[in-house]
Colleague: 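What follows is a single structure, and I will ask about it in a moment.
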Number of protein chains: 2
Amino acid sequence: MTSEKLDSHAVPTLEAVAALAGVSRATVSRVVNGSTKVTPEVTEAVTKAIADLNYVPNRAARSLASKRTQVVALVVPESTAKVFADPFFASIVQGAALQLAETEYTLNMVISSEFKADKTRRYLMGGNVDGALIVSHHSGDHSYAHLGQSLPVVFGGRPVSDAEQGSYFVDVDNVAGAAGATEHLIARGRRNIAIITGPQDMPAGLDRLTGWRRAMEAHGLDQSLIEYGDFSPTSGREAMKRLLDRGAPIDGLFAANDQMAAGAYASIHEAGLSIPEDIAVVGYDDDYFGLTATPPLTTVHQPSIGLGETMARVLVKLMSGTAVDRVTMLPTELVVRQST
Amino acid sequence: MTSEKLDSHAVPTLEAVAALAGVSRATVSRVVNGSTKVTPEVTEAVTKAIADLNYVPNRAARSLASKRTQVVALVVPESTAKVFADPFFASIVQGAALQLAETEYTLNMVISSEFKADKTRRYLMGGNVDGALIVSHHSGDHSYAHLGQSLPVVFGGRPVSDAEQGSYFVDVDNVAGAAGATEHLIARGRRNIAIITGPQDMPAGLDRLTGWRRAMEAHGLDQSLIEYGDFSPTSGREAMKRLLDRGAPIDGLFAANDQMAAGAYASIHEAGLSIPEDIAVVGYDDDYFGLTATPPLTTVHQPSIGLGETMARVLVKLMSGTAVDRVTMLPTELVVRQST
DNA sequence: TTGAAAGCGCTAACAC
DNA sequence: GTGTTAGCGCTTTCAA
């Protein structure tokens, strides 16, 4: 361990491989990087030397010389991280990570609080990553809006403001999903359909309300049964209580996510009403809450892992200079269970 | 963009800072790295230059020169990633990420399938990271057992085999938690207490069964009501069904996680039995399943975010050469709700 | 306390 | 097709 000249544990360098294979370092580099202009024999010799030495390229050196980092940042605002346990988010991360694992890129997870947004931005702009994936529910957060102008960036979820116009993003079609869910309730014969939607500064909350309105309007139904939650089970429970306290007849409910639907279940049951007989319920997200609820919840399935995968795929294309659509919309699917 | 000498968008280098501050690069480097041997005046001048130029050190260059990467890998076996939506895992990742965000280390998320375990191991050993956090439920997976001998590594969860003896790990005290849960059922007057535990090749499954046995034995109760699940809601439902089909009296149930407890709820209700009147139920994990269940589930709370945080903290100490205990056990806490 | 100089391991012209 | 030669931006002895 203290010998200066020999350290059997030293990580082999490209130089060592070159020596063993009897070629120059440049040639080894070519083989490692898959250059076509190398004789098959030489390639084989180098490959063998690499295997014999158990050689692994040093990322730092490679990055320094090539000006490419092979790193992409996955930025999760801390506010989002707090709802990290939200299966939807976890799945996005999972999808992105899985997809990236198929490439040469490494995933650098960055959790950034609002205070650190500046530091994060500098880090991203400082040439430490080749691209970034930005995940957030929060549209209030414009911290990274302009990042896309100088670094390949893909946003998850619709950008909040027009400031993010030029940016790339992938999202699920919330409006269509919500409209479909509402249509389903109407098709089931419900007419007094309420909605518990999310905060209106979040695209998901806003768009799902829009979808509900669209369907209600198409059928000439009353749009007054609206309450707001914050996507938590508790807020759903309270919103449902307010809805019931209004005294108006309600025979259908569309909740903007399954967690709030689960909360609504509690209030409905407490009121002595039954699902779906008295009130048919449709949720959104298709997470565990819906699956384990009693009765199992009819809900809108979102391709959450697919969202992460698609974000990664779009970013990789972007970084390689391939043309990609600025907007990628993923379809939702209604999963009918026993709550409707 | 094509001008060779001037590029206003170029990322400033340490050299530029040195020039602006009128000092050598070495001095700038010292300031950046917090060396004490720099005059306050000089420090200030350099600091100002850094701010003016919006300088960010290049990680690759720094790493290449210093032989330190400032990167820690968070290795998530793919089999585990599939249950990534498991809130417990998501929280561990979150905790680790949050804790690391407080340090100079960057979190490199690695999802490794069994096929790629070799590639991952080489990556980790290839000098690309300063340390690794390895998260897994699966004890069958010994891929990374010996990694700790040549790289600072902290495992999440008890190591499966003795092969991992010398390694560092942090875990929650599953045996104590399970025993406590069972004791609680006994204190509630239950005597025919069943258990739905997890796979016996996973420490969590094994240890929770051990805890249950310990409590049952201490009170001289019969230990025959054992069924196995795979931690999924469905498996819990089926296991409960098998338990009920036995025809033996059951007045208490300890499920090795909340997801299985939620599944068991379904079977109990289907059998026309009520909770907790007929069967009192205790789960494990304290996740959303338990909170939203009807009735709300009494369960064993695990400090999941704390587990991730602690893992990160232990690793950082390890990397800095500070002495740390090989084993860190985190306490659990029984959360009593209406299911008991 | 500060500066000069020598690399860290690799890639990328350029020449052969 | 392959080798030579400069660096990439930073840290780190070693002198001063």
Side-chain angles (χ1 to χ4, degrees), chain A residues 4 7 10-47 49-50 53-71 104 122-123 125-130, chain B residues 4 7 10-47 49-50 53-71 104 122-123 125-130:
Chain A
E4 308 90 27
D7 185 343
V11 175
T13 67
L14 189 154
E15 174 109 51
V17 175
L20 182 59
V23 298
S24 73
R25 296 184 308 169
T27 298
V28 176
S29 175
R30 288 185 185 106
V31 172
V32 169
N33 293 293
S35 164
T36 49
K37 316 189 168 194
V38 183
T39 325
E41 298 86 66
V42 175
T43 303
E44 193 181 346
V46 172
T47 307
I50 289 177
L53 262 38
N54 215 337
Y55 168 75
V56 186
N58 178 309
R59 283 186 95 91
R62 200 207 279 247
S63 159
L64 185 56
S66 69
K67 306 286 219 168
R68 269 173 274 116
T69 65
Q70 298 291 74
V71 172
E104 286 293 282
R122 277 209 308 278
Y123 173 72
M125 300 302 306
N128 294 305
V129 301
D130 289 346
Chain B
E4 308 89 28
D7 185 344
V11 175
T13 65
L14 188 154
E15 174 109 54
V17 176
L20 181 60
V23 299
S24 73
R25 299 184 304 170
T27 298
V28 177
S29 176
R30 290 188 185 105
V31 172
V32 169
N33 294 294
S35 165
T36 49
K37 317 190 166 192
V38 183
T39 324
E41 299 86 64
V42 176
T43 302
E44 192 180 345
V46 172
T47 306
I50 289 177
L53 261 38
N54 215 335
Y55 167 75
V56 186
N58 178 308
R59 285 187 93 90
R62 198 206 280 246
S63 160
L64 184 57
S66 69
K67 304 288 217 171
R68 270 172 273 116
T69 66
Q70 297 291 77
V71 172
E104 285 293 281
R122 277 208 307 278
Y123 173 72
M125 298 304 305
N128 294 305
V129 300
D130 289 346

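Letters go in sequence order (proteins before strands), and every chain restarts at 1.
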Colleague: With a 4.5 Å heavy-atom cut-off, do Val11(A) and Asn58(A) have their side chains touching?
Modeller: no
Colleague: Which heavy atom of Val38(A) sits nearest a heavy atom of Arg30(A), and at what distance?
Modeller: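 Where Val38(A) meets Arg30(A) most closely, the heavy atoms are CG2-CB, 3.8 Å.
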Colleague: Which nucleotide in the list dC10(C), dT1(C), dT11(D) gets nearest to the side chain of Thr39(B)?
Modeller: dT1(C)
Colleague: What heavy-atom pair brings Thr69(A) and Gly127(A) nearest, and what distance separates the two atoms?
Modeller: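 The pair with the smallest heavy-atom distance is CG2-O, 3.4 Å.
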Colleague: Enter the distance from Glu104(B):CD to Asn33(B):CG here, rounded to the nearest 0.5 Å.
Modeller: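 Answer rounded to 0.5 Å: 9.0 Å.
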Colleague: Is the backbone of Thr39(B) close enough, under 3.5 Å, to the side chain of Thr43(B) for a donor and an acceptor to pair up by distance?
Modeller: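 Flag set: sc Thr43(B) to bb Thr39(B) pair under 3.5 Å.
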Colleague: Can you measure Glu15(A) atom CD to dC8(C) atom P for me and round it to whole angstrom units?
Modeller: 9 Å
Colleague: Can you tell me how far the CG atom of Leu14(B) sits from the CD1 atom of Ile50(B), to the nearest 0.5 Å?
Modeller: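 Output value for this atom pair is 7.5 Å.
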Colleague: Any idea which heavy atoms bring Ala60(B) and Leu64(A) closest together, and the distance?
Modeller: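 Nearest heavy atoms, Ala60(B) then Leu64(A): CB-N, 4.0 Å.
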Colleague: What integer distance in Å separates Glu44(B):CD from dT1(C):P?
Modeller: 17 Å
Colleague: Using atom NZ of Lys37(B) as one end and atom C1' of dG3(C) as the other, report the distance to the nearest whole Å.
Modeller: 15 Å
Colleague: Got a sec? Which of residues 58-66 of chain B come in under 4.0 Å of DNA chain C, heavy atoms?
Modeller: Leu64(B), Ala65(B)
Colleague: How do Gly22(A) and Tyr55(B) order along DNA chain D: which one's closest nucleotide is nearer the 5' end?
Modeller: Gly22(A)
Colleague: Starting at CZ of Arg68(B) and ending at C1' of dT12(D), how long is that distance when rounded to a whole Å?
Modeller: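 Going from Arg68(B) (CZ) to dT12(D) (C1'), I get 10 Å.
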Colleague: Compare side-chain N and O positions of Lys67(A) against OP1 and OP2 of dG9(D) and report whether any pair is under 4.0 Å apart.
Modeller: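 Yes, within the criterion.
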Colleague: Please work out which residues in residues 24-35 of chain A have a non-hydrogen atom less than 4.0 Å from an atom of DNA chain C and list them by number.
Modeller: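 Those residues are Arg25(A), Ala26(A), Ser29(A), Arg30(A), Asn33(A).
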Colleague: Compare every heavy atom of Asn128(A) with every heavy atom of Arg59(B), then report the nearest pair and how far apart it is.
Modeller: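 In terms of heavy atoms, the two residues are closest at N-OD1, 3.2 Å.
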Colleague: Quick check: closest heavy atoms across Val32(B) and Tyr55(B), and the distance to 0.1 Å?
Modeller: CG2-CE2, 4.2 Å
Colleague: To the nearest Å, give me how far apart CD (Gln70(B)) and P (dC8(C)) are.
Modeller: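 One finds 20 Å between P of dC8(C) and CD of Gln70(B), rounded.
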